[in-house]
Amino acid sequence: MSKVMIKDLGSFMEKKVKVSGWLYNRTSKGKLIFLLIRDGSALVQAIVSRQTLSEEQFNLADKLTQESSLEIMGVVREDNRAVGGYEIEVESLKVFQICDSYPISPKEHGVEFLTFHQHLWIRSQHISSILKIRAEIISAARNFLNSQGFYQVDTPILTPSACEGTSTLFKIDYFGEPAYLAQSGQLYNEANCMALGKVYTFGPTFRAEKSRTKRHLMEFWMLEPEMAFVEQEENMSIQEELICFIVSSVLKKCSNELTTLKRDVSFLKKVQPPFPRLTYSRAVELLREKGFDIKWGDDFGAPQETAISSLHEKPVFITHYPATIKAFYMQPDIDNPELVLCADLIASEGYGEIIGGSQRIHDYNLLKKKINEHNLPEEAYQWYLDLRKYGSVPHSGFGLGLERTVSWICGLSHIRETIAFPRMLDKIYP
RNA sequence: UGCUCGGUAGCUCAAUGGUAGAGCAGGCGGCUGUUAACCGUCUGGUUGCAGGUUCAAGUCCUGCCCGAGCAGCCA
């Protein structure tokens with residue numbers, strides 16, 4: 001007899017199998033009990049009757065509560081009355097634990113209650129489907145980058161200073177010295193790509209901003225590729241290919257999960273190259289036409305991003321921002337030094353920015369000047385300046401916000417559902 | 001941080017200023033094809049906290065706490 005994952009039961013028709021899992025729901029017709037069992041891979045209905053089970057085992061099955069842990073042995077039968085088209089006719093039952101009254105009933109619940117029970121909410125079909133899609137997105141991204149000759153090189157989480165002077169960092173005590181949790185691995189990755197050519201970092205990043213929105217977490221995961229000898233245009237096409245590869249992998253491998261989430265996949269199917277490109281200046285014009293009160297030089301907020309994304313069915317690149325509202329390390333546009341060679345990728349359907357990328361300054365003197373203009377401590381950036389001293393080359397990179405990408409692909413209304421244990425403003429339990 | 005809305009049973013929600021209610025969950029009983037099963041029955045309350053108005057406050061007023069939505073902040 002085989003120990004089988006529920007998702008693989010289809011290939012064990014009329015065979016005897018062993019399944020271990022938890023009781024998702026139960027209904028009873030007196031002498032006939034229906035157990036809906038989950039094992040993390042899928043759900044299956046098991047049927048218990050007095051005909052196939054001893055009196056003692058039948059009574060045990062009758063006592064099972066939601067989330068009781070168990071193991072069943074029985075024969076897989078085709079039956080279109082069961083969810084998924086087959087069910088298990090139980091011949092024997094082993095119970096690990098009869099569950100106490102489980103807090104999350106199969107009815108509706110509010111956000112506060114669910115997030116307080118986050119450690120249990122992840123068992124729901126809703127959250128576990130999202131986590132599976134998240135896993136597929138990560139796997140697809142790694143497969144894509146690895147196939148393109150990238151090496152994963154991870155960067156430190158404990159850092160001596162800000163990558164930039166702007167964001168609010170989490171400060172910690174490092175043996176009596178101040179240190180900070182990383183808000184990006186980019187600067188270190190610029191060093192790494194001068195060693196290995198094409199690299200990416202995938203890890204957690206931390207922002208201590210008092211942001212309380214559906215698209216912000218205090219702790220989130222970022223995929224940050226960095227490439228030597230790559231300029232703005234090539235940087236954008238790699239982003240485009242990466243996003244298309246991720247979306248098509250999810251469509252191919254996660255159709256059950258997308259169905260569980262009731263995701264309308266028609267938008268996802270349109271995610272094919274090329275993505276529309278829009279300069280910052282053009283975007284400002286379009287926003288003005290739509291009635292936004294915005295002047296050249298202002299940064300875009302959430303409503304502006306949503307308005308721009310609504311003009312297109314695909315994700316859209318916004319390029320050539322004014323240098324004044326972007327980071328110090330971005331390469332100025334040779335035709336107009338007020339602009340920088342950067343691109344934000346705005347997801348479709350109003351999900352906002354999922355990628356921010358740019359070509360980096362490779363000239364020593366220019367970078368030094370920018371560091372001073374931004375009032376950053378030059379000493380702290382000595383190693384970063386060194387990269388422009390010893391065999392400097394044009395290079396580019398970008399950062400993909402994993403949770404925002406998951407939120408977009410899954411069609412979620414809030415980013416808190418995209419990670420097993422979200423870290424929110426003023427909310428760190430459990 | 002600002003604006004707006006909210007807080008009643010374990011959960012989701014009702015309740016003209018006039019006796020605190022229902023469904024689900026949980027207990028007990030019934031049912032051989034249920035799909036958030038159903039039927040009967042039982043259990044379940046400091047109405048977020050503190051004060052005030054009133055013969056009477058879940059309901060009106062003030063302050064505070066907590067949550068949510070939006071905005072700001074935000075490579």
Side-chain angles (χ1 to χ4, degrees), chain A residues 24-36 43-52 58 62-63 65-67 77 79-85 87 89 98-117 120-121 124-125 162-169 182-187 189 205-218 220 222 224 298-306 318 321 323 325-330 340 342-345 352-358 360 374 397-401 404 413-414 416 424-427:
Chain A
Y24 199 68
N25 203 359
R26 181 178 72 96
T27 68
S28 162
K29 288 285 292 179
K31 295 189 179 66
L32 194 62
I33 302 168
F34 299 94
L35 306 175
L36 193 59
L43 287 175
V44 70
Q45 174 170 291
I47 186 159
V48 173
S49 83
R50 287 190 192 280
Q51 285 172 355
T52 49
F58 184 88
D62 204 33
K63 284 199 177 64
T65 53
Q66 190 188 354
E67 287 302 312
R77 303 264 191 235
D79 194 318
N80 56 20
R81 290 171 296 189
V83 177
E87 63 186 14
E89 203 175 282
I98 301 277
C99 183
D100 276 351
S101 178
Y102 188 67
I104 306 180
S105 65
K107 296 280 176 179
E108 286 169 20
H109 300 281
V111 169
E112 186 181 4
F113 177 79
L114 289 170
T115 54
F116 184 74
H117 293 92
L120 304 176
W121 191 25
S124 68
Q125 289 301 103
C163 286
E164 296 169 48
T166 55
S167 281
T168 318
L169 303 171
Q183 57 161 346
S184 163
Q186 181 201 315
L187 270 51
N189 248 354
T205 52
F206 307 87
R207 308 270 167 103
E209 277 123 21
K210 299 269 182 189
S211 301
R212 190 191 136 72
T213 80
K214 61 172 72 170
R215 54 178 72 160
H216 286 89
L217 293 171
M218 303 301 109
F220 65 98
M222 200 151 55
E224 296 180 283
D298 288 347
D299 205 354
F300 301 144
Q304 286 83 12
E305 284 183 356
T306 303
I318 305 179
Y321 279 74
I325 53 171
K326 285 292 179 184
F328 75 93
Y329 50 71
M330 292 187 181
V340 285
C342 68
D344 285 353
L345 184 65
E353 181 188 343
I354 52 172
I355 291 181
S358 68
R360 326 301 193 189
H374 282 78
F398 60 94
L400 177 149
R404 287 185 181 179
S413 56
H414 202 292
R416 63 181 159 235
M424 318 266 293
L425 186 61
D426 297 327
K427 195 169 200 174

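A, B, ... follow the sequence lines: proteins, then strands. Residue 1 opens every chain.
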Of the listed B:G26, B:G72, B:G33, the closest approach to the A:R212 side chain comes from B:G72

Between B:G69, B:C31, B:G33, which one does the side chain of A:F34 approach most closely? B:G33

In whole Å, I'd like the distance from the CD atom of A:Q51 to the C1' atom of B:U32. 8 Å

Can a side chain N or O of A:K214 be found less than 4.0 Å away from OP1 or OP2 on B:G69? no

Distance-only donor-acceptor test (3.5 Å): side chain A:S211, base B:C73: yes

Nearest listed nucleotide, side chain of A:K31, among B:C74, B:U34, B:U32: B:U32

Figure out the CZ/P separation between A:R77 and B:G33, and round it to whole Å. 18 Å

Quickly work out the A:L35 CG to B:G33 C1' distance and round it to whole Å. 13 Å

Can you tell me if A:K427 has over 12 outside heavy atoms packed within less than 6.0 Å of its NZ? yes

Quick one: do the A:S105 and A:Q66 side chains pair a donor with an acceptor below 3.5 Å? no

Mind checking who B:G40 pairs with, Watson-Crick or G-U wobble, both distances under 3.5 Å? B:C28

Is A:R77 paired with A:D79 through a side-chain N to carboxylate O contact shorter than 4.0 Å? no

Whole-Å distance separating the OH atom of A:Y24 from the C1' atom of B:U34: 17 Å

Choose from B:A25, B:G67, B:U12 the nucleotide whose nearest atom is closest to any side-chain atom of A:K427. B:G67

On RNA chain B, check which nucleotide each of A:L425 and A:T27 is closest to and give me the residue with the more 5' one. A:L425

Atom-to-atom span, CD of A:E305 to P of B:A71 - whole angstrom: 11 Å

Given B:G33, B:A25, B:A36, identify the nucleotide with an atom nearest to the side chain of A:K107. B:A36

CD of A:E108 versus P of B:C13: gap in Å, rounded? 8 Å

Let's test this: given Watson-Crick or G-U wobble pairing with both distances under 3.5 Å, identify the partner of B:U4. B:A68

Identify which nucleotide among B:A25, B:G33, B:G10 has an atom closest to any side-chain atom of A:F113, counting heavy atoms from C-beta outward. B:G10

More than 12 foreign heavy atoms under 6.0 Å from CG of A:D62: is that the case here? yes

Crowded around A:Y102 OH? As in, over 12 foreign heavy atoms under 6.0 Å? yes

Select base, sugar-phosphate, or nothing to describe what A:G357 touches, counting heavy atoms under 4.0 Å on all strands. nothing

Counting side-chain heavy atoms from CB outward, which of B:A68, B:U34, B:C74 is closest to A:E209? B:C74

Selected nucleotide, minimal atom distance to A:P303 side chain, candidates B:G72, B:C24, B:G69: B:G72

Rounded to the Å, how far apart are A:D298 CG and B:C74 P? 13 Å

May I ask you to test the A:V83-A:Q45 pair for a side-chain heavy-atom distance under 4.5 Å? no

At 4.0 Å (heavy atoms only), tell me whether A:I47 reaches a base, stays on the sugar-phosphate, or touches nothing. base

Contact class for A:H216 (heavy atom, under 4.0 Å): base, sugar-phosphate, or nothing? base

Taking the nucleotide of RNA chain B with the closest heavy atom to each, which residue, A:N25 or A:T213, is nearer the 5' end? A:N25

Does A:R416 get its side chain close enough to the base of B:A68, under 3.5 Å, for a donor-acceptor pair? no

Can you tell me the pairing partner of B:C11 across any strand shown, Watson-Crick or G-U wobble, with both distances under 3.5 angstrom? B:G23

Using Watson-Crick or G-U wobble geometry with both distances under 3.5 Å, which nucleotide pairs with B:G63? B:C49

Looking at A:K29, I'd like to know whether one of its side-chain N or O atoms comes within less than 4.0 Å of OP1 or OP2 on B:C39. no

Using both distances under 3.5 Å as the test, list the Watson-Crick or G-U wobble partner of B:U54, or none. none

Taking OP1 and OP2 of B:G72, is either one under 4.0 Å from a side-chain nitrogen or oxygen of A:R215? no

Let's see if you can work this out: which of B:G27, B:A36, B:C11 has an atom nearest to the side-chain heavy atoms of A:P106? B:A36

Please tell me if the side chains of A:F34 and A:L32 come closer than 4.5 Å, counting only heavy atoms from C-beta onward. yes

Per A:L32 side chain, nearest of listed nucleotides B:C31, B:G33, B:A71: B:G33

For a quick test of reading the model: is some side-chain N or O of A:R26 closer than 4.0 Å to OP1 or OP2 of B:A36? no

Atom pair distance, as rounded to whole Å: CZ in A:F300 and C1' in B:C73: 17 Å

